[in-house]
Amino acid sequence: MTGVTFILDHDAEIIEGMERSFRIMSYLFWQPDCKPSITRRTVLTTIFASLLAPKVVTAASSDQSTNLMDAFWVCYNANRGADLETRVAALNTTFLRPHIAFYIASIAHGGPIHLMNSFISQWLTRVDGRVSDIHAMAEAIQPAWQEHEPRFRKVFPEAITRKLTIMPSIGCFNAKPGRLDGAETLFAAPDGMVLMGNTIEDLPVTLDHEAFHLYQHQVNQTINASYVWGRLWSEGLAQYVSQRLNPHASQSSIMMSTELAQASPQNIATGTKLARKAFDSTDQTALQTLFAAMTHDTLPPRIGYLVGLRAVEKISGNHTLDELAHMPADRVRPILYRALCC
């Protein structure tokens, strides 16, 4: 497990253990009235426990899922009339701290999770305006997942049955692959989906995209997504798979962004040029410009997803989706670079 990032109100700590490295990168956001959200001791204790847990992937039953939303709503409703500081403190004590293991598991394949009090305060304010939408999304995820599983396995017969965890992401993601109790798990966040502009109609696309990441990690671990080329292939192929499995979905749904779906040829050309220039790089500035959900001066957020999709479309040819999923890095890298050059 590499690149695991917790953004806390505490100092940095690096832990080496077993065969994995856990990097807890913390950023100081000191505020006079800001109390620490989750203590470092809580995080480290949970991480050490996970280090000692068995790492064997087992097939789960089709209905094996965990839903943390009921526990979240109990905490949310009990304190909604209080001031924000009280609400954040209650959320930390009665929900986040007891469930911190799920947040650690959700970033097993990388990515940040924000647990600063200031961030949680802003997130709660946004949630207040979308409660009914988040409830509806939370109710829709499980049925959509049950429909997704057999359909996905028809295309990818080797796919193991994955666990599903439905939980609030504190606005950090809509859905993402992770690892829980030794099993590959899809973490689905109704709050993130709603606050990032996803609709219930987008669920099949979102689930197919993230489930494919789990599948590719299962069958092909040669692709290193810490490099620009590896991320281009991983995200571009996941976009391509979700597009093929949902032929009637709009480009806005496939790209999970209206702005990205409407990107100009100039934007795509500029993003492609950057991807070529940084192709073999692990430079974080290039990765963020291409893949992060943040606004840039000249490019729409996540332009790398679209650049990657267009490249995979050129490469796909007569290959099946499963063949593309299994394609090793030594074959992917040169043909991906050529696809960016024409």
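Residue pairs that meet the ring pair (Phe, Tyr, Trp, His ring centres under 6.0 Å) test with at least one member in residues 243-267, sequence neighbours left out, do not exist here.
Using a 4.0 Å cut-off between a side-chain N of Lys or Arg and a carboxylate O of Asp or Glu, D283 and K277 do not qualify as a salt bridge. Look at R162 and E149 and you find a salt bridge, because one of the NZ, NE, NH1 or NH2 atoms lies within 4.0 Å of a carboxylate O, short of that distance. Using a 4.0 Å cut-off between charged side-chain N and carboxylate O, E184 and K163 make no salt bridge. Between R333 and D280 a salt bridge is recorded (basic side-chain N to carboxylate O distance below 4.0 Å). With respect to the salt-bridge test (charged N to carboxylate O, under 4.0 angstrom), the residues R126 and D191 do not qualify.
The shortest side-chain heavy-atom distance between I303 and L290 falls under the 4.5 Å cut-off. With contacts defined as side-chain heavy-atom distances shorter than 4.5 Å, the pair Y76/I134 does not qualify. Under the 4.5 Å side-chain criterion, counting only non-hydrogen atoms from C-beta, Y215 is not in contact with V241. Between M256 and D202 there is no side-chain heavy-atom pair separated by less than 4.5 Å. With a 4.5 Å cut-off on side-chain heavy atoms, P168 and W123 count as touching. Considering only heavy atoms from C-beta on, R151 comes within 4.5 Å of L245 through its side chain. In this structure the side chain of Q251 reaches within 4.5 angstrom of the side chain of Q243, judged on heavy atoms. Between P190 and M69 there is a side-chain heavy-atom pair separated by less than 4.5 Å.
No side-chain N or O of R231 forms a donor-acceptor pair with one of S226 less than 3.5 Å apart. At a cut-off of 3.5 Å, with distance as the only test, a side-chain donor of T222 or N220 sits close to an acceptor on the other residue. A donor-acceptor contact closer than 3.5 angstrom is absent between the side chains of Q221 and Q216. Side-chain atoms of S65 and Q142 include a donor-acceptor pair closer than 3.5 Å. Checking N267 against S264 by side-chain atom types alone, a donor-acceptor pair falls below 3.5 Å.
Contact record, A249 with V205: CB-CG2, 3.8 Å, taken as the closest heavy-atom pair. Residues G271 and L299 approach most closely at N-CD2, 4.1 Å, considering heavy atoms. Pairing each heavy atom of M193 with each of L203, the nearest pair is SD-CD2, 3.6 Å. Closest non-hydrogen pair, L214 versus G178, comes out as CD2-O, 4.0 Å. Shortest non-hydrogen contact noted between L324 and S316 is CD1-CB, 4.1 Å. Contact record, A188 with L164: CB-CD1, 4.1 Å, taken as the closest heavy-atom pair.
No more than 12 heavy atoms of other residues, nucleotides or ligands shown are found within 6.0 angstrom of CD on E139.
No option in F72, F102, W73 other than F72 meets the ring-ring contact (aromatic ring centres under 6.0 Å, His included) test with F95.
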Which side-chain N or O atoms in residues 334-342 pair as donor and acceptor under 3.5 Å with protein atoms at least two apart or in another chain?
none

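Atoms SG and CG, on C75 and D70 in that order, are 13.0 Å from each other to the nearest 0.5 Å. Summarising the geometry, atom CG belonging to L237 is positioned 9.0 Å from atom CE belonging to M327; distances are rounded to the nearest 0.5 Å. L180 contributes atom CG, which lies 11.5 Å from atom CG of L186 (distance to the nearest 0.5 angstrom). Once rounded to the nearest 0.5 Å, the distance linking CG of N198 with OG of S257 reads 10.0 Å. Taken to the nearest 0.5 Å, the CZ atom of R80 stands 6.5 Å off from the CZ atom of R87. From T86, atom OG1 reaches atom CG of L91 across 12.5 Å, with rounding to the nearest 0.5 Å.
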**Request:** Could you check T125 against L84 for side chain to side chain contact (heavy atoms under 4.5 Å, CB included), going step by step and ending with a plain yes or no?
**Result:** CA-CA 8 Å; T125 300; L84 268 177; 3.8 Å; yes
**Request:** Start with the C-alpha distance between R153 and T161, add both sets of side-chain angles, then the distance that settles side-chain hydrogen bond (donor to acceptor under 3.5 Å, both in side chains), and finish with yes or no.
**Result:** CA-CA 9 Å; R153 193 166 286 104; T161 302; 3.1 Å; yes
**Asked** side chain to side chain contact (heavy atoms under 4.5 Å, CB included) between L287 and T289: does it pass, once the steps are laid out?
**Response** CA-CA 6 Å; L287 286 165; T289 301; over 6 Å; no
**Request:** Take H213 and H217 through the test ring-ring contact (aromatic ring centres under 6.0 Å, His included) and record every step on the way to the result.
**Result:** CA-CA 6 Å; H213 282 312; H217 183 74; over 10 Å; no
**Item:** Worked check of side chain to side chain contact (heavy atoms under 4.5 Å, CB included) between I170 and Y103
**Value:** CA-CA 10 Å; I170 321 300; Y103 289 89; 4.0 Å; yes
**Request:** Would you sort out whether F156 and F212 count as a ring-ring contact (aromatic ring centres under 6.0 Å, His included), showing the intermediate values?
**Result:** CA-CA 9 Å; F156 303 106; F212 179 75; 5.6 Å; yes
**Asked** side chain to side chain contact (heavy atoms under 4.5 Å, CB included) between K176 and I107: does it pass, once the steps are laid out?
**Response** CA-CA 8 Å; K176 69 194 304 292; I107 53 175; 4.2 Å; yes
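In the hydrophobic clustering of this structure, L124 does not group with M196; members are Ile, Leu, Val, Met, Phe, Trp, Tyr whose side-chain heavy atoms approach within less than 4.5 Å, directly or through other members. Note: the hydrophobic cluster containing I268 also contains W229 (ILVMFWY, side chain heavy atoms under 4.5 Å, direct or indirect links). V74 and I100 fall into different hydrophobic clusters, where Ile, Leu, Val, Met, Phe, Trp and Tyr side chains are chained together by heavy-atom contacts under 4.5 Å.
Within the 3.5 Å criterion, the main-chain N or O of V307 finds no donor-acceptor partner in the side chain of E235. A donor-acceptor contact shorter than 3.5 Å is absent between the side chain of R130 and the backbone of D133. A donor-acceptor pair under 3.5 Å links the side-chain atoms of E323 to the main chain of T320, judged by distance alone. At least one donor-acceptor pair closer than 3.5 Å links the side chain of S242 to the backbone N or O of Q239.
Between Y227 and F279, a ring centre-to-centre spacing not shorter than 6.0 Å is recorded.
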